[in-house]
Amino acid sequence: MFDTLSDRLAATFKNLRGKGRLSEADIDATAREIRIALLEADVALPVVRAFIRQVKERATGAEVSQALNPAQQVIKIVNEELVGILGGETRRLRFAKTAPTVIMLAGLQGAGKTTLAGKLGLWLKSQGHSPLLVACDLQRPNAVTQLGVVAERAGVAFYGPQPGNGVGDPVQVAKDSIEYARTKQYDLVIVDTAGRLGIDQELMQQAADIRDAVSPDEVLFVVDAMIGQDAVNTAEAFRDGVGFDGVVLSKLDGDARGGAALSIAHVTGRQIMFASNGEKLDDFDAFHPDRMASRILGMGDMLSLIEKAEQTFSQEEAAKMASKLASKKGQEFTLDDFLAQMEQVRKMGSISKLLGMLPGMAQMKEQINNIDERDVDRTAAIIKSMTPAERQDPTLINGSRRARIAKGSGVEVSAVKGLVERFFEARKMMSRMAQGGGMPGMPGMPGMGGGPGRQKKQIKQAKGKRKSGNPMKRKAEEEAAAARREQAQQGGAFGLPAAGQTPQDFELPDEFKKFMG
């Protein structure tokens, strides 16, 4: 969603790199570009003005003028101000002292309240709660049935005594659901209310009546992140007419410009608490302003990636795999293990989304977007078409076996051969890392392989290289070497790699360094 904004900000900050001192004209030009980038992203004008005012005020102060690297200091200021307009600190749910805790969802029709009720229910269930979804949208056709289906998919309880489709009293249903939850010992009640295509008095009155009947501990306003500036107007109308405690952004995976997310917390004074970023029920998580700002600035989201990995991989399994890789040349690590690891990664979510969380991957956006998720399924099909003996020892796979495996998995013979070759290469590399040898081809870096002996060998090779006796050829060689040195010295925005560099070349933000050992 924030790709356009990220690209504009990256281009803006790239112009600052390499400057030992920033003049007032540099700061004005940077502020102008940031203003254009925010307005193009559909951020509300009052938010843009407040943001630019704060950035310029801080950028012209001592924290930039006295900094060793003024450009990085400006980026730090922009990051902190982005966190500020996104709500500052992460806001957590408030739970009632006596169960059940009541959460009421409000918003316009089409914002995704019903699906989001199921996502929230599943998320709370994973936290150890026992939620109950209550169908109080009795206006929209089949809304009660839809919530029942969503609840079943999420594996949570459902309460919908009225058929809906214009029949029933939503206020009475909401009131009765609290007693039902107490009787059945559900500790959380999620009330799904009706919406309208636009703000009207009937909608506001019904939402207010349900609120008064159940006295919710949290009223969450669900807003479609793709509707732009109108999201802010709708949020203000709900805040003044019904009142809400927090905001939930739905459809954050869309291709809209994302201005609503950057505006709504600042304008309404209510923090964004959750974000829905996909169609699956588990594409939902708490909203962290600092992590979202980091993503917008192209610095990735390592903390969320680590949390996903911790939820998916058990420490016991990780230790088991590490011991297999630490064996002689990693030969105990088989294709069965490789398949198991691949399926675990798949459980974490879309491969392209996971790669997008890595710092520096903004430079490879096109490649990431072009990743075919079905490649994982094809790889799994190839491995599952092998015999147990072949998975244990892929060296058994000869020409006739490759043909059989290819036929069984519906791929070309070359795909089977390529997979086996890549497996051997990957196993060799991972085994070297597990044994402390580090990554191949990265000399002189602690823990990354290539010790002093390797460096001496490379120096010796470099000394032995002779220049061409042909003046024209020698000049061409010198120009090519100068171009390579210049490219190595240039970086992308935010201290990240420029084109031609690898993601390992950038410097991580301080808050991520503790995770890198």
Side-chain angles (χ1 to χ4, degrees), residues 1-2 47 82-96 100-108 111-129 131 133-134 154 156 187-193 195 207 210-211 214-227 231-232 234-239 242-254 258-278 281-296 301 303-304 307-308 311:
M1 174 163 280
F2 296 107
V47 179
L82 267 178
V83 173
I85 66 170
L86 286 169
E89 295 183 358
T90 303
R91 160 92 152 76
R92 305 290 183 183
L93 276 174
R94 289 191 301 259
F95 293 98
T101 297
V102 181
I103 300 172
M104 174 178 160
L105 303 181
L108 293 181
K113 292 191 302 301
T114 302
T115 304
L116 198 133
K119 291 185 174 187
L120 180 59
L122 179 61
W123 186 81
L124 288 167
K125 181 185 175 185
S126 70
Q127 308 274 320
H129 297 282
L133 303 192
V134 180
V156 298
D187 67 341
L188 272 157
V189 175
I190 301 172
V191 180
D192 178 31
T193 63
I210 293 174
R211 179 201 63 200
V214 298
S215 300
D217 300 283
E218 295 276 12
V219 179
L220 302 183
F221 174 64
V222 183
V223 60
D224 183 345
M226 296 179 68
I227 64 175
V232 177
T234 307
E236 287 184 306
F238 266 91
R239 180 196 62 190
V242 181
F244 57 84
D245 305 299
V247 178
V248 182
L249 289 174
S250 65
K251 308 176 188 177
L252 202 60
D253 58 324
L262 293 175
S263 307
I264 205 163
H266 186 275
V267 171
T268 64
R270 306 291 188 272
Q271 286 182 276
I272 302 168
M273 295 178 61
F274 297 100
S276 169
N277 54 12
L281 287 178
D282 54 0
D283 290 334
F284 176 86
D285 210 343
F287 184 88
H288 302 280
D290 54 339
R291 302 183 192 182
M292 183 56 70
S294 180
R295 288 192 196 189
I296 292 170
D301 186 359
L303 294 178
S304 293
E307 285 178 1
K308 281 181 176 289
Q311 291 168 8

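Source: prediction; values computed, not measured.
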**Prompt:** How are the rings of Phe221 and Phe238 set to each other: parallel, tilted or perpendicular (split at 30° and 60°)?
**Reply:** tilted
**Asked** Are the side chains of Met273 and Val247 in touch, meaning some heavy atoms are under 4.5 Å apart?
**Response** no
**Message:** Nearest 0.5 angstrom please: Asp283 CG to Thr115 OG1, how far?
**Reply:** 12.0 Å
**Message:** Does Phe274 form a side chain to side chain contact (heavy atoms under 4.5 Å, CB included) with Leu120? I'd like the steps, not just the answer.
**Reply:** CA-CA 9 Å; Phe274 297 100; Leu120 180 59; 4.1 Å; yes
**Request:** Please say which of Asp217, Leu124, Val191, Val219 ends up in a side chain to side chain contact (heavy atoms under 4.5 Å, CB included) with Ile103.
**Result:** Leu124
**Separation between OG of Ser263 and CG of Leu86, rounded to the nearest 0.5 Å** = 9.5 Å
**Item:** Crowding at CD, Gln127 (>12 non-hydrogen neighbours, <6.0 Å)
**Value:** yes
**Prompt:** With distance as the sole test, does Gln271 use its side chain to make a donor-acceptor pair with the main-chain N or O of Gly246 at under 3.5 Å?
**Reply:** no
**Message:** Please report the interatomic distance CG(Asp285) to CH2(Trp123), rounded to the nearest 0.5 Å.
**Reply:** 7.0 Å
**Asked** Using a distance-only test with no angle check, is there a side-chain donor-acceptor pair under 3.5 angstrom linking Asp224 and Ser250?
**Response** no
**Message:** Treating Thr193 as the side-chain partner and Leu105 as the backbone partner, does any N or O pair qualify as donor plus acceptor under 3.5 Å?
**Reply:** yes
**Asked** Roughly how far, to the nearest 0.5 Å, is the OG1 atom of Thr101 from the CD atom of Glu218?
**Response** 9.0 Å
**Asked** How far does OG1 of Thr90 sit from CG of Asp290, to the nearest 0.5 angstrom?
**Response** 5.5 Å
**Prompt:** So, the side chain of Asp187 versus the backbone of Pro100: is there a donor-acceptor pair under 3.5 Å, distance only?
**Reply:** no
**Request:** Give me the one residue out of Arg92, Arg239, Arg94, Arg211 that meets salt bridge (Lys or Arg N to Asp or Glu O under 4.0 Å) with Asp245.
**Result:** Arg94
**Prompt:** Of all heavy-atom pairs between Gly87 and Pro289, which one has the smallest distance, and what is that distance?
**Reply:** C-CG, 4.3 Å
**Side chain to side chain, Met104 and Phe244, heavy atoms closer than 4.5 Å** = no
**Request:** Test side chain to side chain contact (heavy atoms under 4.5 Å, CB included) on Ile264 and Val223 and set out the steps.
**Result:** CA-CA 10 Å; Ile264 205 163; Val223 60; 3.9 Å; yes
**Item:** Minimum-distance pair of heavy atoms, taken over all atoms of Gly118 and Ala154
**Value:** O-CB, 3.7 Å
**Prompt:** If you take all heavy atoms of Gly121 and Val156, which pair is closest and at what distance?
**Reply:** O-CG1, 3.8 Å
**Pairs touching residues 112-125 that satisfy salt bridge (charged side-chain N to carboxylate O under 4.0 Å, His left out), sequence neighbours left out** = none
**Glu236 bridged to Arg270 by N-O distance under 4.0 Å** = no
**Shortest non-hydrogen separation from Ala117 to Leu133 and the atoms involved** = O-CD2, 3.6 Å
